[in-house]
Amino acid sequence: MMGANAPASHRSARPWRGFKDLSDRTPLRTKLITAVLVLVIMALAAISIASVVVLRSYLYTQRDSSLEEVFDGLIGGTVSAPQLGVAYSVASQQGMIAAVQQPGSQLVANNSGPSFPGLGSSGSLPQSLPLLPTSDNWANSSSSVLITVPAQSGGDTWRVIAQVVPVLDRSTDTQQTGTLVVAVDLGPVGADIQRLIVVELIVGSAIVIVLAIVGIGVVRANLRPLDDIELTAGQIARGHLNHRVPERDPRTEIGSLGRSLNTMLSQIETAFHAQEESEQAAHESEERMRRFIADASHELRTPLTTIRGFAEYYRQRGGMRENRDPLSRTGSGSSAQANGHSPEGLSREDLDRIMQRLEAEAARMGLLVEDLLQLARLDQQRPLDIAPVDLLQLAADAVQDARIVAPDRPIDLLVAPGAAFIVDGDEARLRQVIGNLVNNAITHTPAGTPVRVKIASGTLIPPVPPVPPVSQSPGPPRPAGRGPQAGRPGGRPVPAVVLDVEDDGPGMTAEQARRVFERFYRADKARSRESGGTGLGLAIVAGQVAAHGGTVAVRTAPGQGADFQVRIPLSPAARAEEDEELSEPDDEEFGASAF
């Protein structure tokens with residue numbers, strides 16, 4: 001049974017599924033217009049049918065009361081009729097007739113014979129009499145029957161009431177059974193109703209056509225915002241994420257939908273760009289990680305190779321030379337030669353030279369490891385030992401140390417007039433910042449090149465949001481402010497101490513200036529390695545300055561020297577001594593351009 005019913009259920013479900021599929025494939029505007037037209041057609045059809053039914057009922061009911069009144073006056077006992085099958089007119093009712101129908105025959109007109117009893121004098125009859133049923137029992141019931149029949153000829157309609165009654169035929173003076181009929185001519189009621197139906201069809205069709213035209217225009221106009229949304233979605237699908245839906249009144253559904261879509265599109269665009277930036281940052285971080293590992297490995301390999309080479313050289317030479325007798329020297333020499341070693345050994349001077357080189361390379365490797373540890377601490381954002389620090393004192397100490405290290409070059413300290421140059425920071429870290437900048441100027445410029453350290457009051461635009469001390473990747477830190485690695489500044493300017501370290505060296509190209517704060521980057525790699533530099537000094541400077549909420553930047557050009565400028569917020573205690581509006585340091589105060 002289940003197997004037999006299953007195909008039938010599938011067949012019954014197919015039409016509905018096909019209709020649903022058709023509906024899913026049909027555009028919204030087509031479905032709206034079709035639904036409106038179907039509803040209008042149904043409404044017009046209902047109105048037309050109701051009007052026809054009401055009109056027919058009104059016409060029939062109006063004549064039924066007259067028919068029943070005349071019919072009630074004739075019926076009662078035996079009906080006396082002048083002649084069976086002959087129709088007689090009712091004098092008081094125009095167009096009404098009365099007759100006794102013989103079974104199986106139609107009525108005929110009265111030929112000016114005697115009148116029907118109770119109807120008054122016989123008058124003129126309609127041109128066509130009603131076409132009555134001819135069956136024997138069409139009116140065979142205990143009560144009267146009201147029907148509507150057409151005329152025997154023409155287009156008129158008759159309303160008839162009839163009942164089977166005993167009849168006395170006066171023409172033959174015999175009593176028979178006949179059907180008493182009282183009928184009234186309604187005229188061309190059927191034709192009028194047909195004309196009404198035709199008129200209603202014409203008017204309804206015109207209404208449907210006009211409504212279809214107007215509906216198409218209205219639906220298109222109201223669905224145009226959806227077309228705009230579709231167009232915008234297509235543009236976004238092609239990659240134009242900056243497109244938006246036209247704004248409309250948010251109190252409407254389309255306006256509210258457009259506003260919600262624009263908000264969603266803005267969030268999607270922001271998330272997409274953030275994802276792109278994140279992917280780009282991840283790619284750059286990975287590249288910096290590879291470069292960092294390669295550079296660190298290379299830098300550590302150089303001193304390790306030197307240490308290993310001298311150790312092997314010491315071993316191959318057979319150790320330090322000792323005082324031996326000729327026989328033992330000969331024996332040991334033979335043994336050394338057998339092992340591939342020199343029989344001479346190393347002198348004390350050679351050993352001292354080897355130890356000095358080992359110490360120098362170990363010191364260089366220790367410096368590199370210390371710088372790497374320093375950058376690791378910055379990456380971890382360890383808290384600073386904050387206290388009031390006088391940058392002028394630190395700058396003076398750095399200049400004094402540099403003069404001792406490089407007595408053959410002029411190193412000057414220029415101080416602009418102003419309040420105390422006090423900042424809140426870690427003294428050891430800030431001392432390292434100034435020392436690295438001065439050492440960088442000495443290292444990367446020819447002997448005798450002047451170096452100037454300038455300190456003045458200025459302003460600083462703090463970054464928004466606050467920039468972390470260094471980036472979390474092993475790439476270069478990203479200090480805020482103006483410079484190749486500057487972050488996005490924002491907020492109101494605050495008083496700051498401006499420290500410049502200038503030199504008159506060969507300068508740098510724009511590409512070198514852009515990368516100067518990267519870890520292990522050297523503008524002159526051979527010179528830096530000869531001088532023992534690690535390529536991390538400026539990266540540490542950028543990280544330390546950023547950790548203090550400051551900025552660092554470089555201004556340089558080939559053949560015009562370099563100017564590294566550090567800006568650190570002034571201590572609140574020192575700000576009280578400054579004016580509310582602080583100007584930038586005057587160029588003439590230092591004899592060089594500042595920025």
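Since this is a predicted model, take the numbers as computed values, not measurements.
When all heavy atoms of A513 and V554 are compared, the closest pair comes out as O-CG1, 3.9 Å. Looking at every heavy atom in both residues, A542 comes nearest to V552 through CA-CG1, 3.9 Å. The minimum heavy-atom distance linking P130 with V149 is given by the pair CB-CG2, 3.8 Å. The two residues S128 and A151 have their closest heavy-atom pair at OG-CB, 3.5 Å.
No hydrogens or angles considered: a donor-acceptor pair under 3.5 Å links the side chains of Q101 and W138. There is a side-chain donor-acceptor pair under 3.5 Å between R567 and Q565.
Applying the side-chain hydrogen bond (donor to acceptor under 3.5 Å, both in side chains) test to pairs two or more places apart or on separate chains, those with a residue in residues 39-51 are S48-E200, S51-E200. The salt bridge (Lys or Arg N to Asp or Glu O under 4.0 Å) analysis of residues 256-265, with sequence neighbours excluded, yields no pairs.
Residues meeting the side chain to side chain contact (heavy atoms under 4.5 Å, CB included) test with I386, sequence neighbours left out: L384, D424. Listed by chain and residue number, nothing satisfies the salt bridge (charged side-chain N to carboxylate O under 4.0 Å, His left out) test with E68 (two or more places apart in sequence, or in another chain). E276 pairs by the salt bridge (charged side-chain N to carboxylate O under 4.0 Å, His left out) definition with nothing, not counting sequence neighbours. Partners of V208 by side chain to side chain contact (heavy atoms under 4.5 Å, CB included), not counting sequence neighbours, listed by chain and number: L37, V40, I41, L44. With sequence neighbours excluded, no residue forms a side chain to side chain donor-acceptor pair (under 3.5 Å) with D156. For Q194, the side chain to side chain donor-acceptor pair (under 3.5 Å) test picks out no residue, with sequence neighbours left out. Not a single side chain to side chain donor-acceptor pair (under 3.5 Å) links Q267 to another residue, sequence neighbours left out. Taking the side chain to side chain contact (heavy atoms under 4.5 Å, CB included) definition, one finds that V199 meets it with V203, sequence neighbours left out. Scored by the salt bridge (charged side-chain N to carboxylate O under 4.0 Å, His left out) test, D64 finds R159 as partners (sequence neighbours excluded). Residues meeting the side chain to side chain donor-acceptor pair (under 3.5 Å) test with E279, sequence neighbours left out: Q275.
Here the side chains of V181 and F71 are not in contact, with every heavy-atom distance at 4.5 Å or above. Looking only at side-chain heavy atoms (C-beta outward), M96 and V70 come within less than 4.5 Å of each other. Proximity of Q106 to L129: side-chain heavy atoms (C-beta onward) are nowhere separated by under 4.5 Å. Side-chain contact between L131 and W158: absent, with no pair of heavy atoms (C-beta onward) separated by less than 4.5 Å. Considering only heavy atoms from C-beta on, V90 stays 4.5 Å or farther from I97 through its side chain. Looking at heavy atoms from C-beta onward, T157 lies out of side-chain contact with P150 at the 4.5 angstrom threshold. Residues V167 and T177 fail the side-chain proximity criterion, which asks for heavy atoms closer than 4.5 Å. Counting heavy atoms from C-beta outward, V494 and L570 have side chains that stay 4.5 Å or more apart.
Annotation: the span from L84 atom CG to L168 atom CG amounts to 9.0 Å, rounded to 0.5 Å. Note that OG1 of T148 is 6.5 Å distant from CG of L186, once rounded to the nearest 0.5 Å. Note: R515 CZ to T509 OG1 = 10.0 Å, rounded to the nearest 0.5 Å. In this structure, CD1 in I33 is found 4.5 Å from CD1 in I216, a value given to the nearest 0.5 Å. We find the OG1-CD1 distance between T270 and I268 to be 10.0 Å, quoted to the nearest 0.5 Å. With rounding to the nearest 0.5 Å, the separation of CG in L132 from CD1 in I147 is 6.5 Å.
The environment of Q175 atom CD is dense: over 12 non-hydrogen atoms of other residues, nucleotides or ligands sit within 6.0 angstrom.
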Q.
Could you walk me through whether F564 and L538 satisfy the side chain to side chain contact (heavy atoms under 4.5 Å, CB included) test, starting with their C-alpha distance in whole Å, then the side-chain angles of each, then the deciding distance to 0.1 Å, before giving a yes or no?
A. CA-CA 10 Å; F564 288 86; L538 293 180; 3.9 Å; yes
Q: Using the side chain to side chain contact (heavy atoms under 4.5 Å, CB included) rule, take V498 and V566 through it: C-alpha gap first, then chi angles, then the decisive distance, then the call.
A: CA-CA 6 Å; V498 181; V566 174; over 6 Å; no
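A side-chain contact (heavy atoms from CB on, under 4.5 Å) with V165 holds for exactly one of T179, L180, L74; it is L180.
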